[in-house]
Each structure stands twice: as structure tokens, then as C-alpha cells.
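Following: one structure in C-alpha cells, then a few remarks.
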Number of protein chains: 2
Amino acid sequence: MDLCLDERSKKIFQAIVQNYIKTAEPVGSRTIARHYNLGISPATIRNVMNDLEEMGLITQPHTSAGRIPTHKGYRFYVDSLMERSKLTKHEEENIQIKYNDKTNEYTDEIFHLTSKLLSAISNYAGVAIAPITSKSKIKKIEFINVSSKKILMILITDSNQVKNKIIDISEEISSDELHIISKMFTDKLKDSSLYEIRNSIKNEILLANKFEINKPEYNELFKKTIHFAESCLNIEVDKDIYLEGAANILKHPEFSKINKTKDLIKLFEEKKDLFKIVARTVETDGAKVYIGEENNISEMNNCSVVICSYKVKNLPGGIIGIIGPTRMKYGKIFSIVEYTSFQLENILKLLID
Amino acid sequence: MDLCLDERSKKIFQAIVQNYIKTAEPVGSRTIARHYNLGISPATIRNVMNDLEEMGLITQPHTSAGRIPTHKGYRFYVDSLMERSKLTKHEEENIQIKYNDKTNEYTDEIFHLTSKLLSAISNYAGVAIAPITSKSKIKKIEFINVSSKKILMILITDSNQVKNKIIDISEEISSDELHIISKMFTDKLKDSSLYEIRNSIKNEILLANKFEINKPEYNELFKKTIHFAESCLNIEVDKDIYLEGAANILKHPEFSKINKTKDLIKLFEEKKDLFKIVARTVETDGAKVYIGEENNISEMNNCSVVICSYKVKNLPGGIIGIIGPTRMKYGKIFSIVEYTSFQLENILKLLID
DNA sequence: TATTAGCACTCTAATAATGTGAGTGCTAAA
DNA sequence: TTTAGCACTCACATTATTAGAGTGCTAATA
């Protein structure tokens, strides 16, 4: 966005945004004159503010109030004026320590931890999405008999995500036989992406040939396995998204009235919508923000979402992010999200091979 | 609680409670005289109300207001006066249909569904706790190699709960060897309760003897397995408790001010505390309620928790419940929780063998 | 021409004043 | 024992009043 603002207007605009972010109060010309010594009088500032308002960057809640940034204003601020504020040593260490505690295990716990971290450091809500499985490849398939006619199917992806499901079968299969079948299935399906599997379902017979299946019980297992693998495609929205610190958001004055806040809380419960908001971009180049109405959901009109993707094995993995009020410390939040993404990638490298 | 109330007082008290539950407004003597034709005048009712107040069953928010039940009042109502209100055919069918959709799979999804059901039917928050594992017994232990020095450990309990974890080992073990080890471990540890395992950790050597272990890499695996089994004891509070419909609670007028409500939301996020509140009783005989202060947590002073345990294989399993305002439709909620528990038990019977 | 001082004006938010009504407790009569 | 009647209380809604922060405009100034 190029707005051809002269230097002075930029300074004033910046002052307005920063002051409003800090105080949550509309900013008047006097305040700026006093606190930011720009060497000009309130009257001059007022003139400039008038221009800024005409450009749609700021607005007045009511006639005799100071100015607050519009969404367009925040967007301009983020794109052109914002300065990243680095994390403190303490904050960086905090992140590292928490991650290192988990170094010895790879479970979804990592993502849960990530959302907690993001929330704790930012004082807003933190969100993390486990690697999006549709692009994952199968590393291993395994079958274990649970009882006479129930089998536990286990699918391990190349990013070491473990999915499992208990299915019923019509004929008992022995443990040893299952072991052999497991090896066979792994052998045949290894390195297929779940995406490929979905496409190949329509050609089940084709695939069946690949297995040279003759025993009917194998065939049953085969079909169920394929369908299981396919179901892993459909992101388990409720499980793969971690949200923490929603209550943090309520601290801020813009959420002091219950009515709209109630809707927001509801949105947070409905992981499905939340997922859409956070994961609409699969891959970002650094942090990226959606401001207020840009989220295209009325409940989020007063919220901004800062997201950043992370990689697993140098391929797109998932998304992490922070949700807070539009009146957000963008500079800091951008840094937090990017740094956390970086550390998460590091830890994942250690845990996956 | 025996309060020696004469019939008339009981009627009046009941009228107050029911009216307050319906309207959320303090109930005055005139209201009762008009709407519940007890054949007595407001003045008489006032006299009785005075008595009831002295007994601590009702109170006045302020001098010139009507009466509302105290916690003691609710307790008396629940224990002595409440009438269960049956579920409608429609509600019962709703529950059955939802469960039947899941008949073919046993995963934690069942408990998630349960909390959703409870929430949807009650219009309050629904909560479900997966079977408490400390009393579960081991049915199967299985090892799968994920990569050269990483092994996926899988533990299946007698209630078919699947726990898994990826661990590092120092020496590679082949798939076939792992298959044999799996059988051996399952054989030795089968039917041990996790509780027993915890106790036996101190006697690790004793147990080691049982395995006649000589290969050092088996020994390593053995130790890690035991510790994994033990860690399954520590309920994964974040995973094993399902809360849905927290936003429902906010609809009700007693939660119209943000401040206290904020704390409640926070409590709901902290699954640990929630767990303590819901799961302090392992087994109930029918539904059971904790009213307001009985929860011993200030955030819950305006909430009641109706819980009911469910069984798995005729042994204590977990807990389900509903959290709502103390001004709750107790009669209905008790029925919902008990009926749902019953249906849940049925479905679990089908899914576990 | 750009800036600024000054002033009238606007609007919110806080505070105070007032009235209304629901509900009570008490007393005396039924 | 019950009830009618009445004085009293208190929350809540309504209205008035005031203070103050901030603006826009105009005319003077640099």
C-alpha cells in the first residue's frame, strides 16, 4: 500500500497507532504534541489528522473524541511503519527450555506446548496446527489384534505422526500372520502420499491387483486400510488444532461487553471455523497477519490473527499463530510467532528422522 | 437433610425455587399467590417466607426484593423436593442416533461425542472423562520400529484404550525381533494393572528377573516400557477430559458481567482444575450434584456440577457430567446425565470385548 | 504559504436529583 | 391463624447538570 504520506504525517500516524495500542484510548492532538516531541503544535497535528482521516487511516469514535486507527490504518502500519521488537533473552530462553524438556518424545504434545508458549508470551491466545497430513507420506502400516475380531490399525507418517483406529473384521487373523501382513502393506504403500491414496480409491481394483490378493480376509483388511488412510486425510479438526489462552483475550477492554465476546468464545470452541481462519494459508514467508474484517468472520472483527507456517523435513508442515485484539502489539507478536516457528522447526528436526 | 417443613411451606419453597429457575428474577409473595394457587394470600406467604429465610433456605438480594434460593436451599430442593423430568422421545432418539453412528469404532471420539451430546441437550456445558486408566489392566504391548533407533511403543488396555509413544533406543532392533519381543512383553505384563506396575517399579530388578533378561538392549526396552506404562497412570488431563459448550453457560444472565465469567472461562481452559472438580468421585450411584460453594472453588460459586459415573465391563470407568449455573433445571439435568451414562455404557459394551 | 493561538462548539461520561414500583415487615382486624 | 392495610425500603430507570477532552474554524503570525 503506497499512500504518499510525507514524513511528518507518517510520524503522527505512527504516534497515534502506538499510543492507541498502548492505552486503548482514542488519541487526541494534545496527547501527541505532549508525548512525542515532533516540534509542532496541536493545531497542526489536528490538520494532519484531518488528512489521515480523509485517507481512511484513522477515525473518531464520536465527534469530540480523539482518533483511533481503522483496519486500513493497522494494515498500513503493519506493512510500512511497524518495527519488529526483538524478544528478550528471557523470553527466548523460556521458549528453548520448554522445548528442550520435550526433546525426548515426539507426540502431539509438542503442538500443545507450542500453543501454550505462544499464549503465555504474548498474553493473547496461542494456536498451533499439527502438520497437515494430506501431504504426508506413509512410512509404516501395522496391524495388531486386539481381540478375536478386532484389529488395531496403525499408520505412521513420514513426519512420525501416529494415527490409529480399531476396526472389526469378520475372520480372526493370528498375530504372526498380522505381522506378515503388516510388512506387506507397509512395503506396498510406503511413500504413497495420503493424497495419492485418496485418488486411487476409485481404482481400488487396480490397487488390489498390486497386492495380488486372493485370500478374502486380506481383501477385507485391504479395503479397510485404504479407507482408514483416506480418513486420515480429513484433518481431525478437533484434534489437530491446539488453542490456548483464549481467556487471555478477555482481559482486554475491547472485550468487556459479554455479547460479542460470547460469540468469540463460541467460535473458539468450534474448532472447525477456527481452523479455517488460521490455516487458510498453508505456507507463509515469515509471519503474516489478518486484521479484523480481513478475517471475513464477523466474530473476529475486533481480532487480528498473526500466523506463520513451519516446515517438517523442509516441506510445508503446519501453522502456528496468535489471536489477539486488532489493537495488538504487532511488532512484538510478529517476532514471537516467527521465533517460535523457527524453534519448533528445530525441535521437529531432532525428533523426526 | 430433614427440615421438618409442613406441607404448605414446602409448596411455597418449591414454588420459589421453580419460579426462580425459570425466570432468574427474585420471587415475591404476590407472584406466588398469583401463579400457584395455593389458596392463601400474599401476606401469609410472606410470613412463611420469613420462616424459610430464617432457616437459611432463601435470601433477599436486597431489602425490597423478592427471594432467591440459597445454596442450602438448592441442596434441600434437590434432595427432597425435586421431581425428575423425563427426556422427550425426541431427545432420547437424538442420543441413540448419535451413538449408533459411532458404533463401528472405539476411539476417544466417543467421549468427545458424549460431552457434545450433554451440552447440546442441556444447553449448558457438557463434560466427559475417558476411563480412568489407573485401574485398567494391560491387554497388549507392542513395539514397532519407526526409524533405525526410534521405536513406537503401544499399550492397549482392557478397555481398549490405546496409548502410544515414540522412544529412542541405543541399538537398532529388527522388525521381526520386535515382533517376538512384543509377544514376550505382552505375555509377561498382560493383566497387570497399571497400578501394580507403578508399585513394582521400585522392584525393577525383581521384575527383570521375571524376564530372564540377558541382552542389554532388551533391558533398555524393558525399563522404558515400564516407565511408559507408569506414565499412562498419570492421567493426561488435557487429553482425557472433554468439555463442550462452555459458551452455552454465558447465555445465562448470571454470567452477564465479564469479570467473574472471565475467571470461569479460564478455569475451563485449565483442564487440571476442571478434572478435580468433575472427577473427585470415581463412582456414583446415579447422578450426583455439587452446588455452588460445594465445589470448593470460588470461580464455581455460581455453578452446579451434575455428574454420573459410567462403567466399562462392569467396573468403574469414568465420569460424565453437566456444568451449569446453580439456577439450573436440576430435574431435567439429572435425567439427561443418567440416561446418557446408561447409553454410553451400552455402546461401550458393544465396542469392547 | 505554513503554522499556530484562540475560541466556540460538540459530545461523552460522571454525578446528582428525582420518581417509580416491586416488595417487605408490622399491626390490627377478621 | 389468616389477612388487609399501610408505611417503609431500596434498586433501577429517568432526567438534569456539569466537567472536560477534543475538535474545527478563523484570524493572526512567522
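Predicted model, so just to flag it, every value in this text is computed and none were measured. Naming: A, B, ... by sequence-line order, numbering from 1 per chain.
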query: Rounded to the nearest Å, what distance is computed from the CZ atom of residue A/R67 to the P atom of nucleotide D/dA21?
result: 17 Å
Atom-to-atom span, CD1 of A/I12 to P of D/dT23 - whole angstrom: 12 Å
query: Atom CZ of B/R30 and atom C1' of D/dA4: how far apart are they, to the nearest Å?
result: 13 Å
message: Side chains of B/N94 and B/L87, heavy atoms from C-beta outward: is any pair under 4.5 Å?
response: no
- request: Quick one: label A/N47 by what it contacts on the DNA or RNA (base, sugar-phosphate, nothing), any heavy atom closer than 4.0 Å.
  value: base
query: Taking the nucleotide of DNA chain D with the closest heavy atom to each, which residue, B/P61 or B/P42, is nearer the 5' end?
result: B/P42
- request: Take the protein atom CD1 of A/I68 and the nucleotide atom P of C/dT12, then report the distance between them rounded to whole Å.
  value: 14 Å
statement: B/S41 has its side chain closest, among D/dT3, D/dG22, C/dT4, to D/dT3
- request: Taking only the side-chain heavy atoms of B/S64 (C-beta and beyond), determine which of C/dA22, D/dG22, C/dT4 contains the nearest atom.
  value: C/dA22
query: Are any non-hydrogen side-chain atoms of A/N295 and A/K276 less than 4.5 angstrom apart?
result: no
- request: Could you check how far CG of A/L52 sits from P of D/dT23, rounded to whole Å?
  value: 12 Å
Any side-chain donor near an acceptor of the partner, B/S41 and B/T44, under 3.5 Å: yes
query: Roughly how many Å is it from CZ in B/R46 to C1' in D/dC8, rounded to a whole number?
result: 12 Å
message: Is it true that, when you exclude B/H90 itself, more than 12 heavy atoms of the residues, nucleotides or ligands shown sit nearer than 6.0 Å to its NE2?
response: no
- prompt: Is any side-chain nitrogen or oxygen of B/R8 closer than 4.0 Å to OP1 or OP2 of D/dT1?
  reply: no
task: Name the closest nucleotide to the A/H62 side chain, picking from C/dT4, C/dT12, D/dT2.
output: C/dT12
field: Donor-acceptor pair (no angle test) under 3.5 Å: A/T63 side chain, C/dC11 base
entry: no
query: In whole angstrom, what separates B/M49's CE from C/dC26's P?
result: 15 Å
- prompt: When the distance from CD of B/E25 to P of C/dG21 is rounded to whole Å, what number comes out?
  reply: 17 Å
task: Identify whether any heavy atom of A/A65 sits under 4.0 Å from a base atom; if not, whether one sits that close to sugar-phosphate; answer base, sugar-phosphate or nothing.
output: sugar-phosphate
- prompt: Is there a side-chain polar atom (N or O) of B/N50 under 4.0 Å from OP1 or OP2 of C/dG25?
  reply: yes
- prompt: Do other residues, nucleotides or ligands put more than 12 heavy atoms under 6.0 Å from A/K22 NZ?
  reply: no
